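Naming: A, B, ... by sequence-line order, numbering from 1 per chain. None of these values were measured; they are calculated from a predicted model. Below, all heavy atoms of this structure are taken into account, side chains as well, without hydrogens, waters or symmetry copies.
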Number of protein chains: 4
Amino acid sequence: MPKDQRVPEQDASGAPARTLRADAQRNRTRILEAAETVFAAKGPSASTEEIAQKAGVGIGTVFRHFPTKESLLKAIMHAVAVRLAEEARALAAEGDPATALFTFFTRTVEQAAEQKTVVDLLAQAGIPVTVAKPVLALREAVEVLVGKAQQAGAVRPDVRVPEIMALLIGVCQASLHTPWEPDLRARTLAIVFAGLRPACVTG
Amino acid sequence: MPKDQRVPEQDASGAPARTLRADAQRNRTRILEAAETVFAAKGPSASTEEIAQKAGVGIGTVFRHFPTKESLLKAIMHAVAVRLAEEARALAAEGDPATALFTFFTRTVEQAAEQKTVVDLLAQAGIPVTVAKPVLALREAVEVLVGKAQQAGAVRPDVRVPEIMALLIGVCQASLHTPWEPDLRARTLAIVFAGLRPACVTG
Amino acid sequence: MPKDQRVPEQDASGAPARTLRADAQRNRTRILEAAETVFAAKGPSASTEEIAQKAGVGIGTVFRHFPTKESLLKAIMHAVAVRLAEEARALAAEGDPATALFTFFTRTVEQAAEQKTVVDLLAQAGIPVTVAKPVLALREAVEVLVGKAQQAGAVRPDVRVPEIMALLIGVCQASLHTPWEPDLRARTLAIVFAGLRPACVTG
Amino acid sequence: MPKDQRVPEQDASGAPARTLRADAQRNRTRILEAAETVFAAKGPSASTEEIAQKAGVGIGTVFRHFPTKESLLKAIMHAVAVRLAEEARALAAEGDPATALFTFFTRTVEQAAEQKTVVDLLAQAGIPVTVAKPVLALREAVEVLVGKAQQAGAVRPDVRVPEIMALLIGVCQASLHTPWEPDLRARTLAIVFAGLRPACVTG
DNA sequence: CATGAATGAGCATTCATTCAT
DNA sequence: AATGAATGAATGCTCATTCAT
């Protein structure tokens, strides 16, 4: 029945498997943005109604796009996961292997300080077998970074990915509850990074 | 017929500045215990009714003692803070200065893995100027531990308390979202501890 | 470029007094069929959206043809009424006057067991002055059947149409709530038919 | 914890398995009454809010007593079932065996004409194995009536209970959709009763 | 003081209906 | 004409909080 011009999906934004009319696409984006903002500010218990309002759409529109509050949350998580994974891959491709992991770590923590959502995502990215594809992609990207850092001798060879993820999650979480005074974040990360580097003679 | 012997408040339990009838005091304690259990299991969104039930009292009794759900949460946080501070002080008094901090850190993380409440507390204990007395007491106790560890040469002298608190919070939070496989926790802590120890020749 | 040949309305399908484009007519039919199926299965609380989907048209199209859910329901009722009236007339024309009424009665009940819609229709066909033409047509057709049955001596002369309609409605309704075990329906109808036949010596 | 005077449950009113404070009992009754009225008028799709309003209580109170809309409906059904079963038993005990069944039948239909709820109940009392106890009790009471009527020779011996229930349901349903003109109900019942009575010589 | 019934604002979700494309 | 996205009132249900018993 469709006689309208479909729009190819730019999947980078954690989007649905369907093609949408232009205006629907626009609304979908606005809803996601609003949701990201609101959830970031108030956590996942924020009301769907508020999101609809902030997005400037009716409540029904939100539920047409995301049939469940949880599905909306998931969509945002995916978007964030995709973004982080891209950053990780970019750093792995271009950056200095010896510092890329640390850079990624630092940037992610910086984002987390402002975006509760990043933290919530990472919470899901935890260590166990996570199902969602974008989250897995993120973990794989981090694995690459870790591998390169170890080959470059910047990270001890016996360190494994799970504990790095745990630390990443942890510092991000901490940043939520910590109005990092100017360089507290830097000092905290310095400790973690020092712990990751190969030891020397440690008498 | 006075079955009304007043009881002085034992302030260690983060209690109110009033004296209570013996049975009231008993109820207060039962409510706190129930709340700690329930909140630990389900997080702060657990329903007040459930707590009342577990405590074996009516809802009204809960609200008589804690006029707000939030005030109940706060009371528990205080209790936890007091407990942790005591552990810290005990370790500072008795333990080996070189390891006491690490021991405290490890124990706290272990508790956090089971007690969501510990994590929530630490979140409040963050870095900024926290008002609540018990929380301040906790931070002071940690300061002592850090000081001793530094004097013993077990922690780098330039490390300050705020970043240690941040790491403590972080690893605790992470433990919530991480079904720590057998020794993941140990490996994660190892990295943090390595980062805290004095470096050697680090060229 | 007129692909616009108007088509006169075949009123037998309970349709509107307008002429429609050929494709519109086709859609109208598909919607009615879908609605009959869906309403038959789920009753009148079925969602309009589901009907649109089953008909393979957009929601908007449904509402263009039937400006209200109720109007759609009414249209279906009419269609069913027309069908039943036709059956009644056919039986009156061809069948044995002594049994035609009973046959019609039986067939209708059989249909009702599967088609909630038939029951709903009959509910409207009740006894009072019903406005809708197709429903009146049905009642007239039944009147003919009754008249012939009475002339044939198969039905007591003092029986009137309203109570027959009431019984028809009733047994149909009952069939909805009664997983007729093999011949329960037959036994139930037998009682009704026995009640309709002329008594004998009844002392 | 309870220190208040409990009230023994008068189970005849389809009541819960709990004892209630006097005021709660009062509210429960008012809710049931309101619900019976409202459901009778608008069918089971009537809104719970409306019932609360009519009962003069808050919405929360309704849900405290009946945690689900369906549970409320069920409670009413039970109450009706109990009432009908009592009428049946009373007639079986005191009445003339030859007419008791017919009297019960007639009375029930009379009630149904005004109380949609009676009809809805009977719909559930259908023929199959119904689980709810009060409904079973009703069917058993009817069985007794039928048995006595057959022993008295007022009902043909080959008639079984299921078809009588089906007819009862049917006529009740019909009465809902039929503003029975003065004696239409009587004439309809006359046919059913004639069908139930032993035939004579029926040539 | 203790109790638990009552309250009602708040929330996720559905669905008939409207309207821009 | 057809489409399906948008709308928002309505609904069932939860839960912190109040208050009569």
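Checking B:T68 against D:I59, the closest nucleotide of DNA chain F that is more toward the 5' end is the one next to D:I59. When the nearest nucleotides of DNA chain E are assigned to A:R26 and A:E70 by heavy-atom distance, the more 5′-ward of the two goes with A:E70. DNA chain E is contacted by both D:V62 and A:G60; D:V62 maps to the nucleotide lying nearer its 5′ end (nearest heavy atom per residue).
Taking atom CD1 of D:I31 as the reference point, atom P of E:dA6 lies 7 Å away to the nearest angstrom.
Checking the phosphate oxygens (OP1, OP2) of E:dA5, no side-chain nitrogen or oxygen of D:T61 falls inside 4.0 Å. Using a 4.0 Å cut-off, some side-chain N or O of C:N27 falls inside it from OP1 or OP2 of F:dA2. Side-chain N/O atoms of C:H65 include none lying less than 4.0 angstrom from OP1 or OP2 on F:dA1. A sub-4.0 Å separation between OP1 or OP2 of F:dA1 and a side-chain N or O of C:R64 is present.
Here F:dA16 is the nucleotide among F:dA16, E:dA6, E:dG4 with the atom lying nearest to any side-chain atom of B:K69. When distances run from any side-chain atom of D:D23 to the nucleotides E:dT14, F:dC13, F:dT21, the shortest one goes to F:dT21.
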Please output the side-chain donor-acceptor pairs of residues 30-39 of chain C that fall under 3.5 Å, not counting sequence neighbours, one pair per line with the distance.
unit_1, atom_1, unit_2, atom_2, d
C:R30, NE, C:A55, O, 3.4
C:R30, NH2, C:A55, O, 3.2
C:E36, OE2, C:R83, NH1, 3.0
C:T37, OG1, C:E33, O, 3.0

Original post:
Pairs counted as Watson-Crick or G-U wobble with both distances under 3.5 Å: what dot-bracket string results for DNA chain F, using | for bases tied to another strand?
Top reply: .||||||||||||||||||||
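Proximity of a side-chain donor or acceptor of D:T68 to a complementary backbone N or O of D:S71 within less than 3.5 Å is not detected.
One distance of note links CD1 of A:I76 with NE2 of A:H78; it measures 11.5 Å at 0.5 Å rounding. Between atom NZ of residue B:K69 and atom CZ of residue B:F63 there is a gap of 8.5 Å, rounded to the nearest 0.5 Å. Between C:I59 atom CD1 and C:E50 atom CD the span is 11.0 Å, to the nearest 0.5 Å.
Between A:F66 and A:K74 the shortest side-chain heavy-atom distance does not fall below 4.5 Å.
Heavy-atom distances under 4.0 Å link DNA chain F to A:V57, A:G58 of residues 42-58 of chain A, given in residue order.
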